[in-house]
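Below: the structure, in structure tokens.
Throughout, residue positions are numbered sequentially from 1 according to the sequence presented. These figures come from a predicted structure and were not determined experimentally. Every number for a ligand or one of its atoms is a count from 1 in the order of the listing.
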Amino acid sequence: MLGLAGFRVLRVAEVDGELEVTVETVEERTGCRGCGVVAALHDRREVVVRDVAAFGRRSRLRWRKRVWRCREAACATVTWTETHPEIAPRAVLSRRARQTACSRVGHGESVAAVAADLGVGWHTVMRATSDHGAPLVNDPDRLAGVTALGMDETAFLRANRYHHTTYVSGLVDTASGRLLDVVADRTARAVTDWLAERDAAWLERIGVVSLDPHRGYANAVGVHLDHATLVVDHFHVIRLVNTVIDDVRRRTQQATLGHRGRKPDPLYRVRKLLLKACEDLDTQGWARLGDALRAGDPDGQVTAAWQLKEITRDLYRAPDIHAASDALTLLYTWADTSGIRELRRFAATVRRWQPEVLAYFTTGGASNGPTEAVNLTIKQIKRVGRGFTNLDNYRLRLLLRCGGVKWQDQPATRLRKRTAPQPSPRLVA
Ligand SMILES: [Zn+2]
């Protein structure tokens with residue numbers, strides 16, 4: 001009933017609204033650790049740990065530990081207390097409860113929620129998560145079979161009065177969407193060091209590397225992945241053009257209103273709508289966008305930035321690299337003749353990365369989906385674990401969630417076995 005090998009149940013009771021199961025080990029005879037002579041039972045000592053919930057209630061194990069004594073007078077070993085791997089000395093949780101806690105956190109629940117549920121402290125759950133999670137995350141098999149690598153920065157700690165925004169670099173298997181690792185910083189060095197730890201065979205298999213167009217990752221790739229094709233993919237370019245819209249919108253707000261965007265300001269109210277793909281806008285969306293631009297964009301600069309975004313999106317609908325080159329020409333012309341600083345800067349970046357942008361059209365071009373999915377999950381984890389300050393914990397949480405770890409959860413067997421349909425008696429008759 002207990003599902004714990006090596007234990008037998010002595011008593012089940014309800015204590016403080018919890019299920020309390022009193023247990024002892026099945027080891028009724030044991031030899032002395034010092035001399036091997038059969039030991040005598042000397043005493044009992046009780047320890048209580050919280051276990052996995054049972055029947056929707058918290059449950060605890062009260063283990064009546066045996067204290068053994070050696071009968072041999074000449075032996076140096078006098079007494080000792082029995083041990084069991086399921087309940088570690090001074091533990092607050094049973095081993096399986098710790099494992100379950102790790103799995104729940106790994107699947108996206110907050111440490112605080114799991115701790116409250118188990119009735120233990122935050123640190124107890126965090127320790128259980130790192131003890132049980134680290135071997136899963138550090139399993140070298142987890143990194144096997146990668147052929148397409150993506151690297152991307154995310155903000156880890158927002159700037160405050162003590163420090164600037166700190167960043168981390170995420171390394172993603174862009175074919176499967178598995179997060180491979182998270183390293184401190186967004187410099188070439190951060191990525192070079194990580195690549196240096198991989199063996200030659202692993203590096204050799206990487207055919208495509210996709211990266212962000214305005215960071216030093218390309219240098220890092222040159223050192224270890226000289227043979228791979230560099231791609232600046234869809235996702236990164238769209239993100240870049242979206243920041244152009246945001247920048248122009250903020251500047252326009254400042255110029256027309258004399259202050260930063262506030263809730264009732266027309267452009268501020270459509271800041272998310274401006275970034276939406278035009279085919280995803282409904283009639284109401286178009287109307288709101290039109291009204292806001294008429295009211296808040298007298299020089300048409302935000303409109304021009306918005307059009308640049310749609311031209312960029314069109315680029316990615318190009319069926320082949322030739323059509324994509326033509327689309328790029330249109331993009332350059334639009335940005336260069338706009339007379340708008342932010343648009344021209346965007347075009348300059350795209351020009352600088354043109355081979356890598358066009359490589360998207362020769363490498364299958366399907367890598368952006370998984371990377372975006374990982375980024376969304378990262379955002380969600382950051383929301384759940386408000387106030388991450390420890391990079392190790394953050395890395396652990398991210399890798400448990402999207403690192404493709406092999407959980408050892410047992411698949412459930414069916415409660416009702418499906419049986420072959422019986423011939424209806426009427427038909428038989
Ligand atoms: Zn002994």
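With waters neither drawn nor counted, the protein N/O/S atoms under 2.8 Å from the Zn ion (ligand 1) amount to 4.
Geometrically, Arg351 engages Tyr332 in a cation-pi contact defined by less than 6.0 Å to the ring centre and at most 45° from the axis.
No side-chain heavy atom of Val248 sits under 4.5 Å from any side-chain heavy atom of Trp306. Between Trp63 and His84 there is a side-chain heavy-atom pair separated by less than 4.5 Å.
Looking at Asp193 and Arg189, a side-chain N of the basic residue comes within less than 4.0 Å of a carboxylate O on the acidic one, giving a salt bridge. Look at Arg95 and Glu86 and you find a salt bridge, because one of the NZ, NE, NH1 or NH2 atoms lies within 4.0 Å of a carboxylate O, short of that distance.
With sequence neighbours excluded, the residues forming a side chain to side chain contact (heavy atoms under 4.5 Å, CB included) with His42 are Val67, Arg69, Thr79, listed by chain and number.
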